[in-house]
Number of protein chains: 4
Amino acid sequence: MKYLYFCVETNYTVVMPKVKDEKKVTDIHKAAMKLLIQTGFAGLKMADVAKEANIATGTLYIYYKSKEALVNDVYEHTRKEMVSVLLDSKNAVSGDFYKTFASMWLSYFNYCLRYPEKMIFVEQFVYSGLIDSTIIDETEKELKPLNQFIEFGQEKGIFKPLNVELLKAQMQGAVHDIIKVIHKKNIELSDTEILQCLGMSWDAMKRTF
Amino acid sequence: MKYLYFCVETNYTVVMPKVKDEKKVTDIHKAAMKLLIQTGFAGLKMADVAKEANIATGTLYIYYKSKEALVNDVYEHTRKEMVSVLLDSKNAVSGDFYKTFASMWLSYFNYCLRYPEKMIFVEQFVYSGLIDSTIIDETEKELKPLNQFIEFGQEKGIFKPLNVELLKAQMQGAVHDIIKVIHKKNIELSDTEILQCLGMSWDAMKRTF
Amino acid sequence: MKYLYFCVETNYTVVMPKVKDEKKVTDIHKAAMKLLIQTGFAGLKMADVAKEANIATGTLYIYYKSKEALVNDVYEHTRKEMVSVLLDSKNAVSGDFYKTFASMWLSYFNYCLRYPEKMIFVEQFVYSGLIDSTIIDETEKELKPLNQFIEFGQEKGIFKPLNVELLKAQMQGAVHDIIKVIHKKNIELSDTEILQCLGMSWDAMKRTF
Amino acid sequence: MKYLYFCVETNYTVVMPKVKDEKKVTDIHKAAMKLLIQTGFAGLKMADVAKEANIATGTLYIYYKSKEALVNDVYEHTRKEMVSVLLDSKNAVSGDFYKTFASMWLSYFNYCLRYPEKMIFVEQFVYSGLIDSTIIDETEKELKPLNQFIEFGQEKGIFKPLNVELLKAQMQGAVHDIIKVIHKKNIELSDTEILQCLGMSWDAMKRTF
DNA sequence: CATGAATGAGAGTTCATTCAT
DNA sequence: CATGAATGAACTCTCATTCAT
């Protein structure tokens, strides 16, 4: 292993043409995200992204063919992360529907609590007019397991028999706005309060008629 | 002398100098809103706003000293409208807490359903970094009656005993995302379905423990 | 007299078409001059001139067909004033060449001391590229008596036998820069010092070879 | 390893990134000066400067952050040149006060004769309202040797015992206006005439009382 | 691959001038 | 004549993108 690593290192540095630097991509992502939050789409300048990522402006265009492509990629990357958090297999508690729901909800809630910028960014971007339509379709596809889970709940008579999209929106919208208000007003949530928020989502979705 | 004065006065009144046109403000608002929805903040061009409002670019700057001022004013105006819809006195059904809640919720929901652009615009703008901080404080103040209503519900043991901000966020966030999904996927809601959405909000907030 | 004044007043206000208001011209001149000094040509805005003169922008264009025409007129007016100060018949002391020179020099110096803005304005305007060429010729013509005076001094062997334009420039240039330095550094000149400045000009022009 | 490092280093040095071009600064200066003379401050357009300097408008803003900064720098540069001409050590003729004065005066006069545009530009700019106040102070400081020279002449009883600023103004003002009249009227000066002008300045300053 | 100076189309804004009132 | 809102050409400045090094 050590030997191989060394070989690669030598190759990389001296002899072979340098391949696209994966670390740079990460740096650019971080930089772009940070500035996107601070300034919004309107204010994002490629020169600033480059400076924040400690590279030259020209270098940005080696990795992304345009500003739009860059922002789309940051979006795509962040969105994927959020989906994977939501659908993490660790959340699945076999045989216990409520526990699975709760685990999923808490995963998502805690992720948003920790990275509110990412959540806000993703939410805003959807309506920014900059998004690539193919990405929307993909999101749809990837979120199918969530739909199936909710439909399962409906079949079992646990969830309200409504259009699944409405149920999803109810859940996600509530989470998003709660995170936003927490973020905006610097509210500190105790574990109990988080569970109460979970309670609200559960009650909202639970069949009562 | 008096007579002469009167004549002059009359003349003066008839030949009145051109006055700033109130209709123009409305036209500009409409134009700006329309384009804001289509293009987002990044793409809003003053020249386009002017063209859409059928005035010259220079005229815009008679009414607003900058692009930022214009967008802020459109925001301010729209936000005020939304608050007034929510707190419309017609919604108050004396002696019936649920009916009052339902009426308020439906007013707001229907307004958002009818003008989803306005809702999306207001939501986005809060996190655009272009907003004037004084406006935020004012919103806070104007929404106090809503807080008092929710607190009243909590005192009566109807609503969950949580931080009021969390309850508000739960309700508004759900509404917003439901509207967004309806808008995005061109879903048609029947009256029954709207009432079911109201049901979700009510259940979410209703005390269950 | 009183009667006439009254008639005019009545006419003016009510019946007859208003003639161009002479006072307005003065107000505009004053306003334009004041701003010209403060901001230079680059910064002079017609709207500001109007505001300073307490009239509407449109009114300016009743009195002057363009910005250039206005500035030219202000220049023309001021220049005429300066020439008349220099060639005031009161300065002529018959039979005494030095006294006449001294009187002329002091008139001009004191005028510039009192209205440094006017002096600076006139000086700058000559090289602003905005000046009407006909005005230059006229200045030339009006200053002929000064030329004749200097030529007379040369014929009498009092002044140096140089190109008259050089002698004039020597005298005026010195006065202008002395005034400017006084103005810029807030220097207070005693009567003695003023006479010493006069002495410098006299010595410069006096034949010494 | 060392060898490889050396190779890389060499590569790096050969493929140097583009560096800010010193020649461009000169080109911009020349262009700006030329247009400044032709059009005055009012008419100077950045687009024209760029065209005249054979660069893109945007490039101007790499070198200067604003139009004002550009004009200030041109002024600063020209002013420095004028001061260095005046105080050129070659002018100092040890032990001969008159020769030193004459040499200095002629240097300055000939410089102004050759570059009347620069002289006019500097003179105008001082009263343009665009000048940076720090630059004025610096001029003051740099001209101290001239003050000391004049004061020396006063102590020796050669120059009139007047405020130094007045003497300086007398000398410079006369030079400036003589140059201006020569320029304006296309007068050709013989060497003799130049010396006669020098004579006027000397006589003006020489003690006679 | 990396750099960052150079580019120039295009954005926001100004302001001399006009014209309906 | 007087007004000042309206106009739009023209200006300054920005910034995504390119390209010589």
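Each chain gets a letter, A, B and so on, in the order the sequences are listed, and its residues count up from 1.
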Problem - E:dC1 phosphate, OP1 or OP2, under 4.0 Å from A:Y63 side-chain N/O - result: no
Handout entry: Whole angstrom value for the distance that separates P of E:dA2 from NZ of A:K23
Key = 12 Å
Problem - Interatomic distance where CG belongs to B:L35 and P belongs to E:dA11 [whole Å] - result: 13 Å
Problem - F:dA5 OP1/OP2 closer than 4.0 Å to side-chain N/O of B:Y61 - result: no
Exercise for the section: Kindly say if D:T59 contacts the phosphate of E:dT7, meaning a side-chain N or O under 4.0 Å from OP1 or OP2. Expected result: yes
Problem - Sugar-phosphate only, base, or nothing, as touched by A:L44 at under 4.0 Å among non-hydrogen atoms - result: sugar-phosphate
Problem - Sugar-phosphate only, base, or nothing, as touched by C:L60 at under 4.0 Å among non-hydrogen atoms - result: nothing
Problem - Integer-rounded Å distance: F:dT3 P and C:I55 CD1 - result: 7 Å
Exercise for the section: Using only side-chain N and O atoms of A:K51, determine if any of them is under 4.0 Å from OP1 or OP2 of E:dG4. Expected result: no
Practice task
Grab the OH-P distance between C:Y64 and F:dC1 for me, whole Å please.
Solution key: 14 Å
Exercise for the section: Measure the distance from CG on C:D48 to C1' on E:dA16 and round it to the nearest whole Å. Expected result: 12 Å
Exercise for the section: Please state how far atom CD1 in C:I28 lies from atom C1' in F:dC1, giving the value in whole angstrom units. Expected result: 13 Å
Problem - Residue whose nearest DNA chain E nucleotide is more 5′ - D:N54 or B:A47 - result: D:N54
Practice task
Answer yes or no: are there more than 12 heavy-atom neighbours, outside C:K80 itself, under 6.0 Å from its atom NZ?
Solution key: yes
Completion exercise
Mate of F:dC1 across any strand shown (Watson-Crick or G-U wobble, both atom pairs under 3.5 Å) is none
Fill in the blank from the handout: Contacts of D:T57 and A:M46 projected onto DNA chain F by closest heavy atom; the upstream (5') one is D:T57
Handout entry: Backbone of C:A69 reached by a side-chain donor or acceptor of C:D73 within 3.5 Å
Key = no
Exercise for the section: Could you please name the option among E:dG8, F:dA16, F:dG8 that lies closest to any side-chain atom of B:A56? Expected result: F:dG8
Exercise for the section: May I ask you to decide if B:L35's main-chain N or O and B:T39's side chain share a donor-acceptor pair within less than 3.5 Å? Expected result: yes
Practice task
Using atom types as modelled and distance alone, determine if a side-chain donor or acceptor of D:K34 lies under 3.5 Å from a backbone N or O of D:E52.
Solution key: no
Problem - Minimum-distance nucleotide to C:K67 side chain [options: E:dA16, E:dA5, F:dT7] - result: E:dA16
Handout entry: Under 4.0 angstrom between C:K24 side-chain N/O and F:dA2 OP1 or OP2
Key = yes
Problem - Expected output: side-chain A:Q124 to main-chain B:Q124 donor-acceptor under 3.5 Å - result: yes
Problem - A:K51, NZ atom: more than 12 neighbouring heavy atoms under 6.0 Å - result: no
Problem - Value in whole Å for how far the C1' atom of E:dA20 lies from CD1 of B:I62 - result: 14 Å
Problem - Whole-Å distance separating the NZ atom of B:K45 from the C1' atom of E:dT13 - result: 17 Å
Handout entry: Pairing nucleotide - F:dT17, Watson-Crick or G-U, each distance under 3.5 Å
Key = E:dA6
